Every structure is written in C-alpha cells, then in structure tokens.
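Worksheet: one structure, shown below.
These numbers come from the heavy atoms of this one structure, side chains and all, not from hydrogens, waters or symmetry mates. A quick note: this is a predicted structure, and the numbers were derived from the prediction, not measured.
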Number of protein chains: 2
Amino acid sequence: MTTSFDPMSPVCCVSFRLRRAARVVAKTYDAGLKPVGLRNTQFTLLAALVMNGPQNIGQLSHALVTDGTTLTRNLEVLSKRGLIEDARYHEDERVRIVKTSPQGEAIYRQALPLWQTTQQEMLDVFGRERWADLADMLQLVETS
Amino acid sequence: MTTSFDPMSPVCCVSFRLRRAARVVAKTYDAGLKPVGLRNTQFTLLAALVMNGPQNIGQLSHALVTDGTTLTRNLEVLSKRGLIEDARYHEDERVRIVKTSPQGEAIYRQALPLWQTTQQEMLDVFGRERWADLADMLQLVETS
DNA sequence: GTTAATTATCTGTATATGCAGATAATAGAC
DNA sequence: GTCTATTATCTGCATATACAGATAATTAAC
C-alpha cells in the first residue's frame, strides 16, 4: 500500500504537523536542559533578555512573536525563581521593563553549553544545510 | 547590516523556531474553525477518530504522537461537549475505547469545509510543492 | 484643560502539554 | 495457583498559550 501524500487530508494539516514536530523536538531540548531545571521555552525567554538587554513586554512580544498575556505568565515563572526582575523607570508608568538578575545570568551561563550541545547534535543529525532550508520555510509559512 | 544565519545562536534554536511557527499558524486555523467553536487541536483529534474509527488512548497517542495523559484531558473537553463518547468492550478492562458521537460527526462535517478552506488558502499562498518539502523535513526533524 | 481615544499591561477563563507517580487489570514465572 | 512484572489509563502538579475584558496611564481633540 503506497500512502500517497494528500495535502487536503486532515493528516496533512499544516498546523497539526507543525505542532507535532514542535512537541517532539521540544522534549529533546527539555531533556538537555534538565540539569539546570529550565525548559526550552524558559531558556528562550532568558536568552532574549540576556542578548537584547532589559525590555518591556511589548518588545519581547514582538521579538518572540508571543502574546503579551502569555509573556506576563511565563515571566512570572522566571521571576518566582529569581532569574529575572523588574527594572522600573519613570517615563511611562504603564511600561514594565524586565531584566535578568545576576542569578538569571548565572543560570543562563550554565544553560548555554547544554543548549549548544543539544542544538549541535540536532544539527549534526538533521544536517546544517537542511536546517537553513527548514528555517527559511518556517519563516515563510509564518507569513502565509 | 547583514544578519547572517548563525545556527548556534539561541535565536536559531530548532525548538523555538518550530514552536513559534506552530503558534502563528495555529491561530490561522483557529480563526477558520471559529464558526463551529473548534480549535485546530480539537479538529485534529476529532478527525483522527472519524477517519480511523473507535480507538483506545494508546492508539491515538501513537497516531498523533501525543502523550497519553494529554489525550485524556483533550478528550475530556470533547466529551463534555458531547462530541465523543466511550465505547467500552469487555476483553481488557484497562482499555478505554473512544469514538465520535452523532453530534461529533455532525460537527466534523461542518468543520471539514472550514478546515479545507484554511488549508487550501495556506497551500495556495505557501505553495503546494513547498508544503510537500516542508512536511518531509518536519517528519525528518522529528526523528533527529 | 477636560474629555475621548489609544496604548501597555494584567486578570479571568479555558485549553494544550507532559512528567511523576498512582491505580487497576492482564500476562508471565515458578 | 500465587506472586511478580508489565501494561493502559488516570491524577496531581506545573507550565505554555491566547482570547476577552479590565485597569491604568498617556496622548489627541476640542
């Protein structure tokens, strides 16, 4: 039996396939980050703050393409663990600026090589060339 | 400034990119399915039951590559809405078999054209050829 | 300068997701 | 036949996700 590719079958739903791949791959990264107790989502958020400096919710939301309300709660998780903190300033009282704490930066330094190992392995197996192609297509599909 | 593609930067985390794309695309499908009040995840689950018939959690888990505990709760949502029901049988008392209810099939029939419209549009914009390629790569990355 | 429109964030609510560990039922070892 | 190992599912817990609507602060309109 040859299972032909029928793009109009729900099995080929673009959303389903993307979510499924994301689920599977996320577990690999979560496993790699386990020693520092970070999930891939948390690592991403921390990395965004470390690499781009203190930011407000809107900037993070734009950078990570994540709903602001989601960020409020995801940041709360990191905040409770003391990895980030507020950096208030007094130009616009509505704006909340968050930044990594010293502990947050320390954890990030520990997490980075763990993440690198997983990313490296992933790219080695999957292929760097292919990843460049896949990344391009993911970018494209986001705008379709 | 040319932003060169650095695959070892956290911005290029395979997990992050997949989740981001999945988030964005999911919203498109959710919008398309809004008239019947189904989310893309729920549509996928319902479709799996309609197309493959009554199944137990383990079979669904394998087919959708989703943790069994996740399915228990996702099925609960559909069950509360009366779209699926249990189809107990008495060979192995541990096994729970679920199937679509008449209402579930009715909703599915209403949802299918809505999903098809979104899928069609997605493929038209993104390109059918490219989707075949992307689907292949997503499959591959799941096994990397 | 007060009122209205806009903007940034948060809260309430609901779903999606999976790990650890519990429970119950079946199969295997002897 | 009993005891043990395995298997299928569920519960407790925690996080990820976003829509609708609330709140508070700023800006625009007049």
Considering the options A/Thr41, A/Asn40, A/Thr118, which one meets the side chain to side chain donor-acceptor pair (under 3.5 Å) requirement together with A/Asp30?
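Per the side chain to side chain donor-acceptor pair (under 3.5 Å) rule, the option paired with A/Asp30 is A/Asn40, out of A/Thr41, A/Asn40, A/Thr118.
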
Is a side-chain donor or acceptor of A/Glu142 paired with a backbone partner of A/Gln139 at a separation under 3.5 angstrom?
->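 Judged by distance alone, no pair lies under 3.5 Å.
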
- Task: Please round to the nearest 0.5 Å and tell me the distance separating atom CD1 of B/Ile84 and atom CD of B/Gln42.
- Result: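 Atom-to-atom, B/Ile84:CD1 and B/Gln42:CD are 10.5 Å apart.
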
Quick tally for nucleotides 16-23 of chain D: nucleotides whose base has a protein heavy atom under 4.0 Å get B, sugar-phosphate-only ones S, the rest -, giving SBBBB---

Margin query: Let's test your reading of the model: under 3.5 Å, does the base of D/dT26 pair with the side chain of A/Arg94 as donor and acceptor?
Written below: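 No, the side chain and the base share no sub-3.5 Å donor-acceptor pair.
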
What is the separation between atom [atom1] on [X] and atom [atom2] on [N], rounded to the nearest whole Å?
| X | N | atom1 | atom2 | answer |
| --- | --- | --- | --- | --- |
| B/Asp92 | D/dT9 | CG | P | 8 Å |
| B/Glu93 | C/dA27 | CD | C1' | 16 Å |
| A/His62 | C/dA8 | NE2 | P | 12 Å |
| A/Leu75 | C/dC10 | CG | C1' | 12 Å |
| B/Ile97 | D/dT7 | CD1 | C1' | 15 Å |
| A/Asp30 | C/dC19 | CG | C1' | 10 Å |
| B/Glu76 | C/dA14 | CD | C1' | 14 Å |
| B/Leu60 | C/dG18 | CG | P | 14 Å |

Please name all residues satisfying salt bridge (charged side-chain N to carboxylate O under 4.0 Å, His left out) with B/Arg81, sequence neighbours left out, ordered by chain then number.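 So B/Arg81 forms no salt bridge (charged side-chain N to carboxylate O under 4.0 Å, His left out) with any residue.
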
* Taking the six-membered ring where the residue is Trp, are the ring centres of B/Phe43 and B/Tyr108 under 6.0 Å apart? ->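 Between B/Tyr108 and B/Phe43, which both carry aromatic rings, the centre distance is below 6.0 Å.
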
Sugar-phosphate, base or nothing in reach of [X], heavy atoms under 4.0 Å:
| X | value |
| --- | --- |
| A/Gly58 | sugar-phosphate |
| A/Asn56 | sugar-phosphate |
| A/Glu91 | sugar-phosphate |

_Looking only at side-chain N and O atoms, does A/Ser101 offer a donor or acceptor that is under 3.5 Å from a partner on A/Glu85?_
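Side chains of A/Glu85 and A/Ser101: no pair found under 3.5 Å.
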
Side-chain heavy atoms under 4.5 angstrom apart, residues restricted to Ile, Leu, Val, Met, Phe, Trp, Tyr: same cluster for A/Leu33 and A/Met51?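 Yes; A/Met51 is reachable from A/Leu33 via cluster members.
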
So, is A/Thr72 near the phosphate of C/dT9, with a side-chain N or O under 4.0 Å from OP1 or OP2?
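It does not, given that no N or O in the side chain of A/Thr72 lies less than 4.0 Å from OP1 or OP2 of C/dT9.
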
